[in-house]
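All residue numbers in this chain count up from 1 along the given sequence. Owing to the predicted nature of the structure, the values given are computational and were not obtained by experimental measurement. All heavy atoms count here, side chains included; hydrogens, waters and symmetry mates do not.
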Amino acid sequence: MLNFTVGPVMSSEEILAIGAEQVPYFRTQEFSDIMLENEALMKEFVNAPESSRTVFITGSGTASMEAAVMNIFTPADKLLVIDGGSFGHRFTELCDIHHIPYTAIRPERGRTVTEEMLAPFAGQGYTGLLVNIHETSTGVLYDGRLLGDFCRKEGMLFLVDAISSFLADELDMLEIGADVIITGSQKVLACAPGISIIVMGPRAIARVEDNESKTMYLDLKSALKNGERGQTPFTPAVGILRQINARLRQIKHEGGAKAEIAKIKAQAEDFRSKIKGLPFEIVSESMSNALTPLHPTGASAHEIFLELKDHYGIWICPNGGDMKDTIFRVGHFGALTPADNDTLIAAFKDLQSKGKL
Ligand SMILES: *Cc1c(COP(=O)(O)O)cnc(C)c1O
């Protein structure tokens, strides 16, 4: 299968080979060294403030979204949540579950958040803002600098779910003033799913230390404490952490985050140039390099997904809910090349010749 979804995506041969190895025992200095290197490279790639920390949670991206929300905030907070799609909506559900007061800002699907939309919330006592900087369900990339400036002026904590944006788009924690960055193993890191990652700046760490623990497995206080010696409180997904180490080292070797972002940008631009002339409309006003959200004008998006999967050995990413028949997404990360884009375009053209597009 050729995989253009938004995760899990295709891994390189090197990463696959690690997945095939025996999983080593992990309460060792050797494994601690790997973890400490993972932490340092994560901090480097998001340009985290000096005293920041990184923790690795065994669980998919949502586990880290929940861990961040429940360890950093309390019912005494008052949050703004950007709810522009299914991942933004997940933050509102997490706030509901953990009784954290919030107001949701709901931009129209496919639209970004503007300064005018934020203005009414200035001076209202909000203490934090939660955003999925790339709302993967609609393909919208929000303006991190705009949101960060608002938080800075208001003295709010700024929590950024960059799960599908880390290593696809520029992401500079210091520059945008983010207190928290979250990502996961199965997106641009292109490893197996099962690990999510939280980078925390000093203000977020102070919150975690001051708040009472309300969870054992997702307790960030104990994750931070154990992380000081390169360990985790419980048995982590050791194999995936070893894959992440190989991947981070490879990215460093090839020029760091900037070079990786440039590679994905080129893959996205190659695809976007090649779909000109096909019966698709791009449905986002501000796109990430990670994926292209498309509205097929002459056929059901879900039918196209099924045709490609069942007859061409190609996965594109279907949408759910009310977007099921109108939108599909094509991812640009994982072990993909421009030649793979050609294969996908040829399949689209073949479908078109059969009257199915
Ligand atoms: C993939 C993704 C997640 C996490 O989803 P999981 O299925 O829990 O890994 C969260 N937020 C965004 C923006 C994502 O793209």
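- When side chains are defined from C-beta on, M1 does not count as touching N3, because their heavy atoms never get closer than 4.5 Å.
- Contact check for P236 versus F31: side-chain heavy atoms found under the 4.5 Å cut-off.
- Other residues, nucleotides and ligands contribute over 12 non-hydrogen atoms within 6.0 Å of the NZ atom of K221.
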Would you check, one step at a time, whether the test side-chain contact (heavy atoms from CB on, under 4.5 Å) holds for M35 with Q231? CA-CA 7 Å; M35 291 297 282; Q231 286 288 324; over 6 Å; no
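- Between T326 and H295, the side chains place no donor N or O within less than 3.5 Å of an acceptor N or O (distance only, hydrogens not considered).
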With side-chain hydrogen bond (donor to acceptor under 3.5 Å, both in side chains) as the criterion, how do H302 and D325 come out once you've worked through the C-alpha distance, each side chain's angles and the decisive distance to 0.1 Å? CA-CA 5 Å; H302 199 74; D325 286 313; 5.8 Å; no
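- Using a 4.5 Å heavy-atom threshold, the side chains of F166 and F45 count as touching.
- Between F91 and V69 the shortest side-chain heavy-atom distance falls below 4.5 Å.
- Q124 CD: more than 12 foreign heavy atoms inside a 6.0 Å radius.
- Between E93 and R90, no side-chain nitrogen of the basic residue sits less than 4.0 Å from a carboxylate oxygen of the acidic one, so the salt-bridge criterion is not met.
- Contact of the K43 side chain with the M173 side chain is not registered, since no non-hydrogen atoms from C-beta on lie closer than 4.5 Å.
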Quick one: do K252 and E44 satisfy salt bridge (Lys or Arg N to Asp or Glu O under 4.0 Å)? Show the steps, please. CA-CA 9 Å; K252 171 87 178 157; E44 179 181 330; 2.8 Å; yes
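- Taken together through direct or relayed side-chain contacts under 4.5 Å among Ile, Leu, Val, Met, Phe, Trp and Tyr, I198 and I240 form parts of separate hydrophobic clusters.
- Hydrophobic clustering, with ILVMFWY side chains joined whenever heavy atoms are under 4.5 angstrom apart, keeps L94 apart from F158.
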Can D210 and R207 be said to form a salt bridge (Lys or Arg N to Asp or Glu O under 4.0 Å), step by step? CA-CA 5 Å; D210 289 348; R207 280 290 197 110; over 6 Å; no
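- Using modelled atom types, one finds a donor on one side chain and an acceptor on the other under 3.5 Å when comparing D219 with S213.
- Under the 4.5 Å side-chain criterion, counting only non-hydrogen atoms from C-beta, L294 is not in contact with I327.
- For F348 and F280, the gap between ring centers is short of 6.0 Å.
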Can you check side-chain hydrogen bond (donor to acceptor under 3.5 Å, both in side chains) on Y126 and T103, steps first, answer last? CA-CA 9 Å; Y126 285 94; T103 304; 2.6 Å; yes
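- Under the 4.0 Å criterion applied to side-chain N and carboxylate O atoms, D350 and K356 are not assigned as salt-bridge partners.
- By the 4.0 Å N-to-carboxylate-O rule, E14 lies too far from R247 to be salt-bridged with it.
- L167 and V6 end up in the same hydrophobic cluster when Ile, Leu, Val, Met, Phe, Trp and Tyr side chains are linked at under 4.5 Å.
- A salt bridge links D270 to K274: one of the charged nitrogens lies within less than 4.0 Å of a carboxylate oxygen.
- Residues R145 and E175 are paired through a salt bridge, judged by an N-O separation under 4.0 Å between the basic side chain and the carboxylate.
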Check against ring pair (Phe, Tyr, Trp, His ring centres under 6.0 Å), F73 and Y102: CA-CA 11 Å; F73 301 107; Y102 68 91; over 10 Å; no
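- Between the side chain of T112 and the backbone N or O of S286, no donor-acceptor pair lies under 3.5 Å.
- Side-chain contact check for T292 versus M287: some heavy-atom pair is nearer than 4.5 Å.
- Hydrophobic clustering keeps L224 apart from L41 (ILVMFWY residues linked when any side-chain heavy atoms are closer than 4.5 Å, directly or through intermediates).
- With hydrogens and angles ignored, the 3.5 Å screen pairs no side-chain donor or acceptor of R272 with any backbone N or O of Q267.
- In this structure, the ring of H332 has its center less than 6.0 angstrom from the ring center of F271.
- Linking Ile, Leu, Val, Met, Phe, Trp and Tyr residues whenever their side-chain heavy atoms come within less than 4.5 Å places L146 and F121 in a single cluster.
- When the shell of 6.0 Å around CE of M216 is examined, it contains 12 or fewer heavy atoms from other residues, nucleotides or ligands.
- Looking at D169 and L141, their side chains come closer than 4.5 Å, going by heavy atoms from C-beta outward.
- The salt bridge (charged side-chain N to carboxylate O under 4.0 Å, His left out) search around D340 returns none, not counting sequence neighbours.
- More than 12 heavy atoms of other residues, nucleotides or ligands lie within 6.0 Å of CD in E254, so this atom counts as buried by the packing criterion.
- A 6.0 Å sphere centred on CD of E21 holds more than 12 heavy atoms belonging to other residues, nucleotides or ligands.
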